[in-house]
Participant: 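Quick one: structure below, then a few questions.
Whatever order the structure lists them in is the order used to number ligands and atoms, beginning at 1. In what follows, every heavy atom counts, from backbone to side chain, and hydrogens, waters and symmetry copies are set aside.
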Amino acid sequence: MLELLKKSATEQSEAIKNKEISAVELVRASLERINALDEKLGAFNSLTEETALETAKKVDEKVANGEDIPLFAGVPLALKDNMNLIGSKTTASSKILENFVSPYNATVTQKLVDNLIPIVGKANLDEFAMGSSNENSAFKKVHNPWNLNKVPGGSSGGSAASVAACEATLALGSDTGGSIRLPASFCGIVGMKPTYGKVSRYGLIAFASSLDQIGPFARTVEDAATLLEIISGYDPHDSTSLKLPVENYRASLNNDLKGIKIGLVKELVAEGLAPDVEKAVKQAVETYKSLGAEIVEVSLPNIKHSIGIYYILATAECSSNLARFDGVRYGYRTANPENLMELYCKSRAEGFGPEVKRRIMLGTYALSSGYYDAYYKKAQQMRRIVTNDFLAAFEKVDALIAPTCPNTAFDLGAKAEDPLAMYLTDIATIGANLAGIPAMSVPAGFDADGMPIGLQIMAPQLQEAKMFNVAYKFEQSHDYYKKIANI
Ligand code: GLN
């Protein structure tokens with residue numbers, strides 16, 4: 001059965017259509033693997049076995065009746081536990097939502113349901129998606145399938161680990177500052193953040209609304225592109241949703257790269273880069289040259305400020321978004337408060353973890369009168385300047401490449417006590433969120449310890465098709481993506 005689980009979603013759905021396997025068999029295999037492995041991995045907060053099997057049964061019935069089935073019908077998927085699935089717990093890995101049951105489906109979830117994609121469980125994350133290592137979950141840490149002593153990356157660590165360990169074939173994550181791409185790179189899989197507005201966030205627990213995007217995880221570029229096609233599209237429930245037709249990204253995956261211009265981001269291949277990561281990026285440059293692309297060095301002079309900008313804007317937005325968790329309307333409420341103020345204060349003090357509290361305090365400070373101009377407004381102005389850097393770069397090139405992270409997965413605990421060191425792991429990913437552009441991570445080799453390295457590819461807004469094409473050609477030139485964590 002492991003051989004079956006190791007196949008791509010495209011292969012698995014072909015096998016279901018051709019009646020080589022049933023969807024129920026496949027979903028059972030996925031659930032069995034989760035039950036066997038997840039104690040060591042910690043990728044799931046909860047399983048949704050019944051609904052997954054019900055969905056699989058529907059797929060098998062359709063196949064038996066000779067009906068057409070949608071793309072990826074029957075293929076097991078892990079849903080990050082900050083997206084609502086009706087009737088299941090949506091905890092955001094926070095004590096404050098530990099017993100919160102979703103009253104409705106997120107738009108992405110509804111699209112999965114409509115496409116008969118079985119959701120096998122809710123994937124662990126950093127509390128409220130705040131973190132880079134998945135050590136900030138209130139419940140348990142996620143371990144990296146390539147080495148259980150290492151972090152999987154965050155905040156969508158459970159989503160990435162589950163796909164890398166073949167517990168699920170696909171997953172959804174959310175990316176506010178790199179939370180899809182970083183864990184994809186640490187776990188050796190494909191992870192993609194779409195253009196801001198491509199995928200509805202209705203039913204996603206908001207972290208920083210001007211940055212949040214939902215996106216796919218998969219083990220191949222083709223699978224990620226197909227899953228994006230399934231979850232994207234206009235949604236009147238999200239005011240930032242773009243009114244554009246859904247695209248078919250598969251059609252152009254294999255386009256020739258001759259004549260394409262790719263920019264290597266100078267500032268992201270500079271000092272501080274781990275030597276093995278640098279080597280992998282240089283090899284990627286050679287691969288692209290051999291595919292006929294022209295590689296030029298490109299500068300994003302203000303990218304170095306992106307962490308500072310992000311940690312003001314994201315914390316400011318989260319301090320506002322998380323105000324709704326007051327012990328009255330959602331989730332956890334303190335026992336026996338003396339008065340209303342104590343109910344608010346104690347519910348929040350007892351319900352939120354330390355990183356979430358740090359961010360609420362930082363964000364509240366940045367927005368407070370007297371400091372607003374110095375911090376929040378300044379950060380907004382700087383966001384525009386970083387965005388302009390990207391726009392200028394895309395005047396010269398079709399896509400940009402850079403490492404996804406300056407280093408590979410680090411040991412559990414290595415940065416947990418040092419928030420600043422943790423924030424620095426986001427240096428290469430945050431820029432794309434500030435500029436609202438699509439970006440993805442693809443497997444690009446391994447370091448000396450056998451840990452995966454990710455290559456990041458970025459494209460102008462709404463140029464997902466071009467980005468997938470650039471990613472696919474690279475993927476198909478190597479065997480990296482075929483190597484699967486031996487767990
Ligand atoms: N690591 C970043 C943070 O801690 C990004 C998180 C995310 O993209 N959700 O905020």
Participant: Which protein residues have a heavy atom under 4.0 Å from ligand 1?
Facilitator: A129, M130, G131, S132, S155, D175, T176, G177, G178, S179, F207, Y310, Y311, R359, D426

Participant: Looking at residues at least two apart in the chain, or sitting in another chain, which of them share a ring-ring contact (aromatic ring centres under 6.0 Å, His included) with F394?
Facilitator: none

Participant: Taking only residues at least two apart or on different chains, which pairs with a member in residues 98-115 satisfy salt bridge (charged side-chain N to carboxylate O under 4.0 Å, His left out)?
Facilitator: none

Participant: Would a distance-only check, ignoring hydrogens and angles, find a side-chain to backbone donor-acceptor pair under 3.5 Å from S94 to T91?
Facilitator: no

Participant: Who are the salt bridge (Lys or Arg N to Asp or Glu O under 4.0 Å) partners of R33, not counting sequence neighbours?
Facilitator: none

Participant: Checking side-chain contact (heavy atoms from CB on, under 4.5 Å) against L79, which of L85, L170, I117 comes through?
Facilitator: L85

Participant: Taking the six-membered ring of F186 as reference, does the NZ or CZ atom of K150 fall below 6.0 Å from its centre and within a 45° cone about the axis?
Facilitator: no

